[in-house]
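It should be emphasised that the depicted structure is a prediction, and the values quoted were computed from it without experimental measurement. In what follows, every chain begins at residue 1, and chains take the letters A, B, ... in the order their sequences are listed.
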Number of protein chains: 2
Amino acid sequence: MAQSDTVDRILDAAEELFADRGFSETSLRMITSKAKVNLAAVNYHFGSKNALIHAVFARFLTPFSATLETAFDELEERCDGKPPTLNQTLWALTESAVRMPQRNEKGISIFMRLLGLAYTQSQGHLRKFLEQEYGDPFSRFMRLLKEATPQLSSVDRYWRIQFMLGATAFTMSSSDALRDILQNKLGVETTIQEIAARLVPFLAAGMQAEDKMLIPLPDSQTPVA
Amino acid sequence: MAQSDTVDRILDAAEELFADRGFSETSLRMITSKAKVNLAAVNYHFGSKNALIHAVFARFLTPFSATLETAFDELEERCDGKPPTLNQTLWALTESAVRMPQRNEKGISIFMRLLGLAYTQSQGHLRKFLEQEYGDPFSRFMRLLKEATPQLSSVDRYWRIQFMLGATAFTMSSSDALRDILQNKLGVETTIQEIAARLVPFLAAGMQAEDKMLIPLPDSQTPVA
DNA sequence: CAGGCTTTCAAACGTATGTTTCAAACAGAC
DNA sequence: GTCTGTTTGAAACATACGTTTGAAAGCCTG
């Protein structure tokens with residue numbers, strides 16, 4: 001065994017269990033027994049459960065953010081001064097995610113599911129960690145989105161970005177389950193690339209929707225401007 | 001005090017704490033101390049923590065699903081045989097949610113956050129409970145969506161519905177946090193009605209997007225038809 | 001006001017958690 | 001081989017959890 005095969009085994013087990021069950025619902029004993037290492041190994045190698053969570057994120061987010069920066073570099077160079085289009089920007093992100101080297105066939109959906117958890121179950125420490133470590137490529141993505149949608153107000157853009165993130169994280173986080181359902185119901189095979197190919201135009205269309213809707217509230221409640 | 005003021009106080013406290021922190025992260029001791037009732041009261045009145053979770057959902061989901069059925073009835077009657085449009089269908093749902101009688105000013109966002117949690121943190125028992133109790137209006141909503149988008153293939157529709165659910169559940173499940181961020185960043189106040197007013201056209205546009213995208217994968221990977 | 005049923009209360013139970021301890025096993029350098 | 005620092009191991013720690021208990025208090029009916 002390599003010197004710190006233990007560390008990787010813990011990370012592998014933790015990653016999968018976190019993605020399956022969430023953070024609080026996954027105990028160190030589950031992790032260590034799945035990883036076939038001693039319970040104390042987590043605190044020895046990582047210091048605490050929270051630090052382990054950070055390490056799980058860092059392991060895939062660090063190479064991913066590097067890939068993403070490169071993709072953005074290439075894109076901006078290719079556009080030669082002009083701001084990349086919305087489709088190009090979304091696609092640069094999607095392609096970076098899909099083409100990341102995977103540890104196994106479940107890699108990409110675990111990756112997405114973890115991102116979704118980070119958003120929805122974030123316990124303060126995680127959000128702070130992610131913001132601090134990976135805020136830069138995220139900000140850059142935001143800037144590109146902004147330049148690709150100059151017609152939107154800041155507030156509109158903000159919310160539509162949230163909608164995009166939601167559709168993406170949610171779909172990807174359960175893409176295995178959704179794929180199975182589709183297989184059983186309609187007998188259709190679907191690859192993660194195909195899901196992406198359907199998702200991107202959905203997002204682009206939503207992002208570029210014409211109007212904010214006027215809410216017709218017949219009585220009670222104040223209508224929204 | 002009314003006879004079972006205790007029950008309502010527990011439900012109120014539980015609802016708010018669940019929405020703030022999630023299910024596993026909220027202990028019975030937090031709930032009972034916030035509600036100012038004895039710890040044993042939860043198990044006495046509800047039987048278990050899981051049953052309390054179900055009761056919290058039932059309290060707002062039962063009247064909501066009734067409201068929703070009525071809204072769908074009215075919509076279908078108004079359309080007089082012709083299938084309602086996508087916008088009408090989405091709006092019937094949104095309006096039913098927004099116009100539910102609220103116990104307090106935070107009511108609607110708690111409501112939404114709980115729905116988001118139900119989707120993202122569902123622990124089996126909850127999903128089963130919701131499916132059993134409220135599967136009917138959900139199926140009806142799905143049927144309306146199908147009739148409103150006859151141009152879509154079953155597979156396309158399936159995935160786009162997932163995208164819609166994702167954007168909605170995800171956004172709503174963290175809408176308070178997102179609102180705060182927006183408040184700090186841009187100094188803008190946002191109501192839940194405004195979020196809905198932005199979300200619906202986003203979803204409608206995405207749902208009706210023209211094309212599935214052709215994926216340009218420069219090398220490796222097989223392009224998608 | 002007496003009786004029986006319901007509700008509250010403080011305390012304890014058993015279990016599971018994250019973390020710590022300290023001795024044993026191991027690794028590589030001299 | 002011996003010595004050093006690192007890693008593993010079994011066990012225990014303290015704490016928090018959901019749940020149960022059994023007695024006290026409250027309430028309503030007769």
Side-chain angles (χ1 to χ4, degrees), chain A residues 1-59 114 117-118 121-129, chain B residues 1-59 117 121-129:
Chain A
M1 287 195 192
Q3 141 198 27
S4 236
D5 169 84
T6 298
V7 168
D8 288 321
R9 286 230 304 282
I10 292 174
L11 286 172
D12 288 339
E15 181 179 81
E16 196 160 337
L17 286 170
F18 285 152
D20 275 358
R21 328 172 25 99
F23 304 119
S24 308
E25 293 79 3
T26 302
S27 72
L28 291 185
R29 284 168 177 80
M30 292 179 198
I31 295 169
T32 52
S33 84
K34 181 181 176 99
K36 296 200 175 74
V37 302
N38 188 271
L39 169 61
V42 169
N43 283 280
Y44 174 77
H45 286 287
F46 297 94
S48 69
K49 184 181 179 180
N50 279 351
L52 170 61
I53 296 176
H54 296 177
V56 167
F57 275 88
R59 184 166 63 151
L114 286 175
L117 287 181
Q121 298 202 0
S122 203
Q123 299 122 307
H125 72 94
L126 221 195
R127 189 161 298 199
K128 200 164 294 180
F129 169 78
Chain B
M1 284 194 194
Q3 141 197 29
S4 237
D5 171 83
T6 298
V7 167
D8 287 322
R9 288 231 302 284
I10 291 174
L11 286 172
D12 287 340
E15 182 179 80
E16 195 161 337
L17 286 170
F18 285 153
D20 275 359
R21 328 172 26 99
F23 304 119
S24 308
E25 293 80 3
T26 302
S27 71
L28 292 185
R29 283 168 177 81
M30 292 179 198
I31 294 170
T32 53
S33 86
K34 180 181 177 99
K36 295 200 176 73
V37 302
N38 188 272
L39 169 62
V42 170
N43 283 279
Y44 175 75
H45 286 287
F46 298 94
S48 69
K49 184 181 179 182
N50 279 352
L52 170 62
I53 296 176
H54 296 177
V56 166
F57 275 89
R59 184 166 66 150
L117 286 181
Q121 297 203 1
S122 204
Q123 299 124 308
H125 73 94
L126 222 196
R127 187 159 300 200
K128 202 164 292 178
F129 169 78

Engineer: Measuring from atom CZ of F23(B) to atom CG of L52(B), what distance do you get when rounded to the nearest 0.5 angstrom?
Structural biologist: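 The distance works out to 10.0 Å.
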Engineer: Report the distance from atom CG of N38(A) to atom P of dA24(C), rounded to the nearest whole Å.
Structural biologist: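 The answer, rounded to whole Å, is 16 Å.
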Engineer: Does any N or O in the side chain of K36(B) come within less than 3.5 Å of the main-chain N or O of R9(B), such that one atom is a donor and the other an acceptor?
Structural biologist: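 No: the side chain of K36(B) does not pair with the backbone of R9(B).
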Engineer: I31(B) CD1 to dC17(D) P: how many Å, rounded?
Structural biologist: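 Taking atom P of dC17(D) as the reference, CD1 of I31(B) is at 11 Å.
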Engineer: Could you tell me the separation between the CD1 atom of I10(B) and the C1' atom of dC9(C), rounded to a whole number of Å?
Structural biologist: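 Going from I10(B) (CD1) to dC9(C) (C1'), I get 13 Å.
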Engineer: Just call it for A40(B): base, sugar-phosphate, or nothing, with non-hydrogen atoms closer than 4.0 Å on any strand.
Structural biologist: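 Touches a base.
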Engineer: Within this structure, what is the CZ-to-C1' distance between R9(A) and dT8(D), rounded to whole angstrom?
Structural biologist: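 These atoms are roughly 12 Å apart.
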Engineer: Just to confirm, is there a sub-4.0 Å distance from OP1 or OP2 of dT8(C) to any side-chain nitrogen or oxygen of T6(B)?
Structural biologist: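 Answer is yes, contact under 4.0 Å.
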Engineer: Output the rounded distance in Å from NZ (K49(A)) to P (dT17(C)).
Structural biologist: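 Rounding to the nearest Å, NZ of K49(A) and P of dT17(C) are 9 Å apart.
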Engineer: Heavy atoms from C-beta onward define the side chain here; which of dT19(D), dT8(C), dT19(C) lies closest to that of N43(B)?
Structural biologist: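 For the N43(B) side chain, the nearest candidate turns out to be dT19(D).
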Engineer: Which class fits the ring pair F129(B) and H54(B): parallel under 30°, tilted 30 to 60°, perpendicular over 60°?
Structural biologist: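 Judged by the thresholds at 30° and 60°, the geometry between F129(B) and H54(B) is parallel.
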Engineer: Rounding to a whole Å, what distance do you find between N50(B):CG and dC17(D):C1'?
Structural biologist: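 Taking CG of N50(B) and C1' of dC17(D), I get 14 Å after rounding.
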Engineer: Just checking S24(A): base, sugar-phosphate only, or nothing, at a heavy-atom cut-off of under 4.0 Å?
Structural biologist: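 Since no nucleic acid heavy atom lies under 4.0 Å of S24(A), the category is nothing.
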Engineer: Once you round it to whole Å, what is the distance between P of dG18(C) and CG of L39(A)?
Structural biologist: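 That distance rounds to 9 Å.
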Engineer: Can you see if the side chain of H45(A) gets near the phosphate of dT6(D) - specifically, an N or O under 4.0 Å from OP1 or OP2?
Structural biologist: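 No, no such contact exists.
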Engineer: Rounded to the nearest 0.5 Å, what's the gap from NZ on K34(A) to CG on D20(A)? Could you check?
Structural biologist: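 K34(A) atom NZ to D20(A) atom CG measures 7.0 Å (nearest 0.5 Å).
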Engineer: Check the phosphate of dC17(D) against S27(B), side-chain N and O only, distance under 4.0 Å to OP1 or OP2. Yes or no?
Structural biologist: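 Answer is yes, contact under 4.0 Å.
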Engineer: Report which part of the nucleic acid T26(A) touches: base, sugar-phosphate, or nothing (heavy-atom distance under 4.0 Å, all strands).
Structural biologist: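 Here T26(A) touches the backbone only, sparing every base.
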Engineer: Might you point out which heavy atoms bring S48(B) and N43(B) nearest each other, and give the distance in Å?
Structural biologist: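 Closest approach of S48(B) to N43(B): CA-OD1, 3.7 Å.
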Engineer: Need to verify one output field. Residue with the more 5' nearest nucleotide on DNA chain C, M30(A) or G47(A)?
Structural biologist: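 Nearest-nucleotide comparison on DNA chain C picks M30(A).
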Engineer: Return the value, rounded to whole Å, for the distance between atom CZ of F46(A) and atom P of dT8(D).
Structural biologist: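 Between P of dT8(D) and CZ of F46(A): 11 Å.
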Engineer: Choosing from dT19(D), dT6(C), dA12(D), which nucleotide comes nearest the side chain of R29(A)?
Structural biologist: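 Per side-chain heavy atoms of R29(A), the pick is dA12(D).
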